[in-house]
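Each chain gets a letter, A, B and so on, in the order its sequence line appears, and its residues count up from 1.
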Amino acid sequence: MSQFTWKDLIQLNSDSKSYLSPLSCMAHVDVNAFFAQAEQIRCGYTRDDPIVCVQWNSIIAVSYAARKYGISRLDTIGSAMEKSGNKLIPIHTAVFRRGEDYWQYHDGCGSWNSDKSKQIPANLYKVSLDPYRRESRKIFRIFRKHSDRVEKASVDEVFLDLGKLCFQRLLTEDIISKSTENCESLGILREIFQQGEYNIDSTLPTVPEELKLLNFVGDVYNPENKPLIEDWDDVIFAIGSQLVGEMRDDIEDSLGFTTSAGIARTKYVAKLGSNFKKPDAQTVILNKYVQDFLDGESFDITSFWTFGGKIGNEICTLLKTPETGSIKFIRENWPDGPQGLHNYLNKRILELSNTNEIQTLDSSKTEALSQKLYDISRGKFLLPLNEKPIVKSMMSNKNMRKDSCCNIIHAISWIEVFSGELTARIKELEQEYSKLIVPKTVVLLATTLKKKVYRKTGHFIHNHSELTPKDFIQIGTKLMQDIDNENYGAKNSFFYPLLNLSITISNFEIFDTNKTIVDMFGNHAKILTKTTNNTKEVEGGKQEELNLFCCKFCNINFETNKEFQEHKDFHVALKLSDAMNGISEDSKNLTIGERRLLLNKKRKNFDKTPPKTNKKSKGKRGSTPGILSFFSK
DNA sequence: TACTCACAG
DNA sequence: GGCTGTGAGTA
């Protein structure tokens, strides 16, 4: 007799409820040493070549072929090369050069190269992870081809809710496997289902003998060689393992990546499963052996997702010793529900209240926490697939070396890099989803030795049909000018060199592309004329006229050429004033573009005082600067 | 809303 | 350790 009901089975077919069914089947798939594999494939190496992916002096991914030298992610490339007797094949990530808005690979270059001309100095470059995002999307697309129940958990991981696919394969598709083509009792099950001749609360028939021969793809966790298929959940897992096997094969055949997968009732256990055997493997954790798995492999609380840091350690402390953070300990000491555990945690928090051992946890969190621990320790913490929105935020960031950002010129050059990166990333997403994606918020964050300075747009509107790096450069530059004026220019206080500079865009508005551009931006154009004092309300053709004297950098319209020229002078001056004023050796450190600007400046004899601040040019033309067309108040 | 912390890969 | 992202908490 089965322990499951028809309701449990049918629930699998529901996108929103499948995870709640005792027959639910989740998978976690992880690309092995993703960055290293991506480079291996890109550069045409094989899996046996010991590739490591390098960023500056650090290794950020180690291929499985390179692990045999004992290389780990924390090694520097220098020490790793030594360990391996120079056998490693290091490949540096793609990089942007300061002042340039595109990334490039410089294969063969990197700090391990003794040839000085083949270095990639971290003060002048910024790492680009775009190539990996691109591969990640290709992989994700393959999962999506097989299933619409996919959660992208990170750049190299997905969760799958296999309930619906398993259900369909079991009950409505012809193919389960060759061994069951003639399975009469399965036919009967299907017939009952199709005729609707069942009571939803009645138990399912016993699993037919023929079905017990169903093959699993990958390894089933079963150290004591107990029977595999006995009830319907085992059948579902066998089908699930086949589905995941097919997806992983597809990924390997079409893209070349090997992956590891875990299949289990819950996301948490599936994730432990994918980590269990690597690379190129998959592990099924059957419900009836999940406790053996959790106990036998001596998992403790800190092995579980979101418990890997302080919280997990504090739980171990509350439970007295690290060993007693073990899953078995929790399950066996609180067998009758989470209430006892809840009381115990609260008691321990009180006991430890005058020590500083417990900092993150407090009694307001223990109720939910004890329920979660109670469930986790039984492999029954049910979490639905989280279908994430396209994007929530996007950051382009650079941690500076001491000479990477010593003045506003440098800062603006980095902003150009950020702008190129963000625009390219948005464009790729737009193409992938056939949407227009418009960020409403742009944040510039500068970190100095002493403080963080933060500027944010109100309501970002771009009036182009297409987003260009220029849009972000305009805004980023404006924000940077504000920050510079307030913290350096006006007060003449300590500000540079910056330790960090970043642009984060967020608050995305997403439009379907089947609308016309006018449909989408018609309203925005109105806002533009409304909120901008110095732009007259004009229609179509007349707008063109105004654009004759339009600063492309700020998108300010000027009424006369003279004003326009003055404004342009102001830009150059602003960009250059700091470099000329202070630190003369800066010029050594400038990129070609920056140096050209400097030369131009000398040639044109720009030394006479230009309009000094933004405010001045504001005042001249009225109360509102034209750049406001990009902001609301 | 602005900012910090925690966590993850 | 550097880079990118999410979510919770706090004021």
Closest to the Glu157(A) side chain: dT4(C), dG2(C), dG9(B)?
-> dG9(B)
The side chain of Tyr454(A) lies closest to which of these nucleotides: dG2(C), dC3(B), dA6(B)?
-> dC3(B)
Can you tell me the distance, in whole Å, between the CG atom of Leu129(A) and the P atom of dT4(C)?
-> 5 Å
Taking OP1 and OP2 of dC3(C), is either one under 4.0 Å from a side-chain nitrogen or oxygen of Lys126(A)?
-> no
With a non-hydrogen cut-off below 4.0 angstrom, is Lys271(A) in contact with a base, only sugar-phosphate, or nothing?
-> sugar-phosphate
Under 3.5 Å, is there a donor-acceptor pair between the Ser370(A) and His342(A) side chains?
-> no
Phe304(A) side chain reached by Leu272(A) side chain, heavy atoms, under 4.5 Å = yes
From the list dG9(B), dC3(C), dA6(B), which nucleotide is the closest neighbour of the side chain of Ile311(A)?
-> dA6(B)
Are any non-hydrogen side-chain atoms of Leu501(A) and Leu445(A) less than 4.5 angstrom apart?
-> no
Of Val127(A) and Arg73(A), the one whose closest nucleotide on DNA chain C sits nearer the 5' end is Arg73(A)
Does Ile59(A) or Met394(A) map to a spot on DNA chain C nearer the 5' end, using the closest nucleotide for each?
-> Ile59(A)
Ignoring backbone atoms, test whether Thr76(A) places a side-chain nitrogen or oxygen under 4.0 Å from the OP1 or OP2 oxygen of dG1(C).
-> no
Donor on one side chain, acceptor on other, Ser298(A) and Asp300(A), under 3.5 Å = no
Rounded off to whole Å, could you give me the CD-to-P distance for the Gln55(A) and dC3(C) pair?
-> 5 Å
Rounded distance (Å) that lies between atom P of dT4(C) and atom OH of Tyr132(A) = 12 Å
Protein-nucleotide distance (Gln359(A), atom CD; dC5(B), atom P), rounded to Å | 12 Å
Any side-chain heavy atom of Ile415(A) sitting closer than 4.5 Å to one from Phe472(A)?
-> no
Establish, with yes or no, whether the OP1 or OP2 oxygen of dC3(C) is under 4.0 angstrom from a side-chain nitrogen or oxygen of Asn399(A).
-> yes
With the side chain defined as heavy atoms from C-beta on, Lys310(A) is closest, among dC3(C), dG9(B), dA6(B), to dA6(B)
Cation over ring face, Arg137(A) and Phe140(A), 6.0 Å, 45° = no
Should the pair Phe34(A) and Tyr132(A) be assigned to parallel (<30°), tilted (30 to 60°) or perpendicular (>60°) ring geometry?
-> perpendicular
Nearest whole angstrom, please: distance from the P of dC3(C) to the CD1 of Ile503(A).
-> 16 Å
Could you run down the sub-3.5 Å N/O contacts of the protein with nucleotides 7-10 of chain C?
| unit_1 | atom_1 | unit_2 | atom_2 | d |
| --- | --- | --- | --- | --- |
| dG7(C) | OP1 | Lys392(A) | NZ | 3.1 |
| dG7(C) | OP2 | Lys392(A) | NZ | 2.5 |

Do the ring centers of Phe418(A) and Phe96(A) come within less than 6.0 Å of each other?
-> no
Find the distance Asn507(A):CG to dT6(C):P and express it as a whole number of Å.
-> 13 Å
What is the distance, rounded to the nearest whole Å, between atom CG of Leu361(A) and atom C1' of dC7(B)?
-> 14 Å
Options dC7(B), dA8(B), dT4(B), nucleotide nearest the side-chain atoms of Lys452(A) = dT4(B)
Which part of the nucleic acid, if any, lies within contact of Arg133(A), taking any heavy atom under 4.0 Å across all strands shown: a base, the sugar-phosphate backbone alone, or nothing?
-> sugar-phosphate
Whole angstrom is fine here: how far is it from CZ in Phe307(A) over to P in dA6(B)?
-> 16 Å
Just call it for Asp30(A): base, sugar-phosphate, or nothing, with non-hydrogen atoms closer than 4.0 Å on any strand.
-> nothing
